[in-house]
Each structure stands twice: as structure tokens, then as C-alpha cells.
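Take a look at the structure below.
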Amino acid sequence: LHSFSLSQKLISCLSLCRIPKATTRAMRGCCSFPSRSLAPRSCPPVASSARRLPRGGGHVVASTGPKLPRAMPKNFGRFDETTTSQTLQSLDDLLGEDPKISAERRADERAKEAFEASEKKKQLKEKTKKMYENRFERFELAVKRSTSVQRLQAVFLEGFILPNVTKTKEEEEEEAEKIEFFQLPSEIIDPRTRDRLKANAAKASSSKITESAVERLPGEFQIPIIPYGHVVVPGARVKMNLFEPRWLTLFSKLLKPEDAEEDRRILTSHQWGGTRAAKTIDFSKIEMMADYESGERRFDIVPGANRYPEDNFVGTNAFGAVYGGTDGKIAGLGVKMEIEAHDVSVDGILLSVCARASAKRFKILRLVQFEPYIIADAVPYDDDFANASMDEDVSEAEQCLLDSLAKLKTNDGYYYEAIGLPNDEDPSTGNISVKKLIEPEFKSFAFAEIFLYNKNDIALKILASKSPKERADMVTAIAKQMRAGMKFGLSPRNARVLRILTFLGSLFAIGSGLTLVRDIAGF
């Protein structure tokens, strides 16, 4: 009776799985097969042969056992995966799951989850390692390119430029009007409180400018500014080693994180091996950082309390570069810098940043913050496409540069090798490949970066020019003078000696003149 009850329940479950009626009727004739078996061969054996009668019997008597169907349906036992799963689940609901099997299943699930978590952690570690390797490759490439340009700058650092390259007096006055200089506030240290006091903030207010106080121009934007001791032109490359709290906090926000899940990786060295011990800049471990945020004076640092919100600069990878003179003024014309690569060095203390000047120039309208760093309101400064000539031919300047380098290699091979110029030579030709160092996008600005690194007056004129043809003519004239000086033996070392002799000669002439005046006057 128990077997019969189980079989009836099984038949009811199988009917839910859409098993043909013929199959169900066939199974009803097999009432004694085990409850967990579905195969038809598990039915009890039934005699299929007749008993043999004694010799001379007249006929054969058939067996009195249950009568089997003539043929099983063709689709009997053929269940799809979904139907089989549902059937087994129904049986488990009826009979209950074995506790031992249940424990094994839960153990398998836990093992599977642990394995998946381990694999995910391993993949994340490999991804992070690959990210740091790629970041360091970009950093090394940026440093290499910057070093190559610095070698060329060293060749023409002591070069002379005659006054005939510059414009007439009227043109110089007109050019000077294009560039407005802003006076930065000087600092006065209170001897009693040691507080920093601002004074002489000409052309700019030391108080913060609100949106309602200024009429905004179309295209106006706000950008943090870094003054440089030389003029940064479009296409120029710079490298900065930052350790002050004001620069660390600013650039930690300017840098765009490569992995949005964890922004702190931008302050981690490429040598990160899975731990954060000494190669990560941790603001909580820098004592000066607390003073920077609070405004206390335990350390001699520029305070950062009450500064402008930096939310607008987060992830922009950009800042402004302007020329800052020794007179405390900064030029009102600058260029937008784009961060190329960065890395953390010196045991998680120093942040090295490589940036390149983009083709976007800007004009400063007003300065809205001076400390801890300068923030300016600016508008784009573009070429005059309507009136200026767009013909920017610098092929002659490029040839002058190649001739000057070839002459330096012949006349002063020691200096040529000392500054590392052979590292930039093309192995096939033995000459420096200028095309790899100067991109066509910048043209005149690229040659201005090489020839005019410490010649700020002329570099400012080229930066302010809105005519590509005018810029090309200026750098071509400068390149011709550099080539002429190199042709007459005015190598960098000889030019330095000549500059020193000229300076000493000027002092001697001034002294002699004063002596002559004293003798004539009878003092």
C-alpha cells in the first residue's frame, strides 16, 4: 500500500510535467517500482511465456499476470532539462532533502563563493599592477620628451639676438598694450603674531569676488594659475616636483583618476606591490597638512584655509601657466597646461607631474584668489582668422636649426656629447630628427620654445601674436641669427665666456668713466 501511494503521487507529479497519457496509463500497471526511479525497466518482472502442459496436451494456457501494453510510447523518458529539474524538485518537496546532501551542497556553495572572490581579487590586483605599469611608461616617455627639448634649449641658452629682430618702437608699444600685467600682493609678516598680511594688491582685489559683483563675458572660465620664471608657449613641456601641501592638495584633485572606484591611486607610486606602506602620499600622516587646512602657524607654509572651492577643478587635468617677473607681476596672457603623466617618488613624499602646454591661450580678466595659489577669471585668446595671414611656413627655421646643430657637433663635440644630444640622433642618418621633437600643430611656438627659453621679451611677443605668418617670420629671423653665430664659432661655451667678458668690460668702462669725470671735476 505504501508503494502504491508513492507511485500515485509520482504519477500526479509526472502529469504536471506534461507526460503523455499513454505513458501514465502504462506506469499505473507497474505499481511496485521504487519511488525515486523513473525508468520503465524498474517494473516487476512479469511472466511472458506459457507453462508447458504434459505431452499430449491439447492447448496452451496463457499467464494470468497483469497484461502489459503492446509498445511503450516513443517519447517515454525523454524530458528536457527544465522538465527534469522541475520533476526532481517536486520529488524533493515530497520526500524531503537528505541532511547530508544539503550540508554538502551548502559547503560547495561556500567554496564556490570563496573561489570567485579570490579570483576577483586576483584579477583586480593584476589590473591595478598593469595600470601602474602603463602609467609609469607614460611618465617615462613624457620625461624623455621633456629632456630632449631641454637639450636643444641648452644649445641656444647663451645665444645673442640682435635688436633688429624686434619691431619698431610704435609696434612695440602697440604689442605691449595687448599684454596686461597684474601686480601680485606683497606679503608683510606681523612680528608679533607672525601672520601674513597682504599689501599693494594693484589691479586686483584681495577679497573674493562673488558672481553678482562681476558681469561675466561669453566663454569666460575660471582656472588655477602657476607663475613661471620663463614664458611658456603652446607645445612647451614642463616637469614639476611638488611637496608643499597647497600643491599636493590641488593636483590630487586636478589629476583624473584612472580607476573611478579608488581615487587615492593617483597618489600611489608605480612601485605599488599590493601594500600602501611607503609609496603612497597619505595626507593624514603629513603634519603640515593639518596646519594647511586649519590656518595654524606651526610651520612656515602658505595656509589653505578659506580658499576657493576646488570642485570645479576636480578631474580636469588642466591648469594655467603664466610668466611671472621678478618685480612681483604676472603677465595677463597665458596658456592652458594639460597633465600628461605623473608618479610618486621619494618614499611617498614627492609628486612628480609632467605637463604640456596645449594650443589654447587665454587672457586674464581678473584675479580672484592669491593664496594658497592664484585663481583667475579668463577668456580664450585666439588668432585673428579674419584679418591675419594663416601662412605659417617654418621650413627655413627648421633648416637653420639643423645647420646649427651640425656646426656645434663639428666645432664643439665635447659639449655636444656632454648635454646628451647623441641620444636624440637618428641611427640611420646620424643627425638629430627634429621632426620627432617638433610637432606640426605648434610650428612657430615649438621653435620659440627652443630658441627663446630665457629671452622673455621676444617670447611674450610671439605668445601675444594673433598672426601665424608674423610668428613664423619672427622665429625664422631668430633661427638665422643663431645659425650665423654658430657659423662664426659662437658655441654655447664660447658665448658664455664672451658674455662674461662683455659684462666685465662694461664694469671697467663704467669705472673708467667715473674716474675720468672725477679727474675732470677735480673731486
For the backbone of Y308 and the side chain of Q369, can you confirm whether one donor and one acceptor N or O come within less than 3.5 Å of each other?
yes
S512 side chain to F508 main-chain N or O, any donor-acceptor pair under 3.5 Å?
yes
Nearest-0.5 Å distance that lies between atom CG in L401 and atom CZ in F447:
6.0 Å
Could you tell me the separation between the OG atom of S404 and the NZ atom of K480, rounded to the nearest 0.5 Å?
12.5 Å
Separation between CD1 of I330 and CG of L367, rounded to the nearest 0.5 Å
5.0 Å
If I take atom CZ from residue R216 and atom CG from residue D377, how far apart are they, to the nearest 0.5 angstrom?
4.0 Å
Residue that, paired with F319, satisfies ring pair (Phe, Tyr, Trp, His ring centres under 6.0 Å) out of Y228, F251, W247
F251
So do the side chains of L460 and L333 get within less than 4.5 Å of each other, counting heavy atoms only?
no
Give a yes/no verdict on a cation-pi contact between K466 and Y381, requiring under 6.0 Å between NZ or CZ and the six-membered ring centre and an angle within 45° of the axis.
yes
How about F139: does its CZ atom have over 12 heavy atoms from other parts shown lying under 6.0 Å from it?
yes
Side-chain (R499) to main-chain (E158) donor-acceptor, under 3.5 angstrom
yes
Check whether any side-chain heavy atom of V344 lies under 4.5 Å from a side-chain heavy atom of L350, and answer yes or no.
no
When you measure from the side chain of R246 to the backbone N and O of P372, does any donor-acceptor pair fall under 3.5 Å?
yes
From I419 atom CD1 to D412 atom CG, the distance as rounded to the nearest 0.5 Å:
9.0 Å
Do R138 and L141 come within less than 4.5 Å of each other through their side chains, counting heavy atoms only?
no
Within the side chain of R471, is there an N or O that forms a donor-acceptor pair under 3.5 Å with the backbone of S465?
yes
Answer yes or no: is there a side-chain heavy-atom contact under 4.5 Å between Q399 and S395?
no
What closest approach, in Å, do S358 and V335 show between heavy atoms, and which atom pair accounts for it?
O-CG2, 3.3 Å
Single hit among I450, L452, I478, N454 for side chain to side chain contact (heavy atoms under 4.5 Å, CB included) with F156
I450
Give, for atom OG of S444 and atom CE of M474, the distance between the pair rounded to the nearest 0.5 Å.
10.0 Å
Is a donor on one side and an acceptor on the other found under 3.5 Å between the side chain of E371 and the backbone of V302?
no
Short question: side chain of N494, backbone of G489 - any donor-acceptor pair under 3.5 Å?
yes
Ignoring hydrogens and angles, tell me if any N or O in the side chain of E449 forms a donor-acceptor pair with the backbone of R237 under 3.5 Å.
yes
Any side-chain to backbone donor/acceptor pair from R151 onto G420? Under 3.5 Å, distance only.
yes
Quick check: are there more than 12 heavy atoms from other residues, nucleotides or ligands sitting under 6.0 Å from CG of N241?
yes
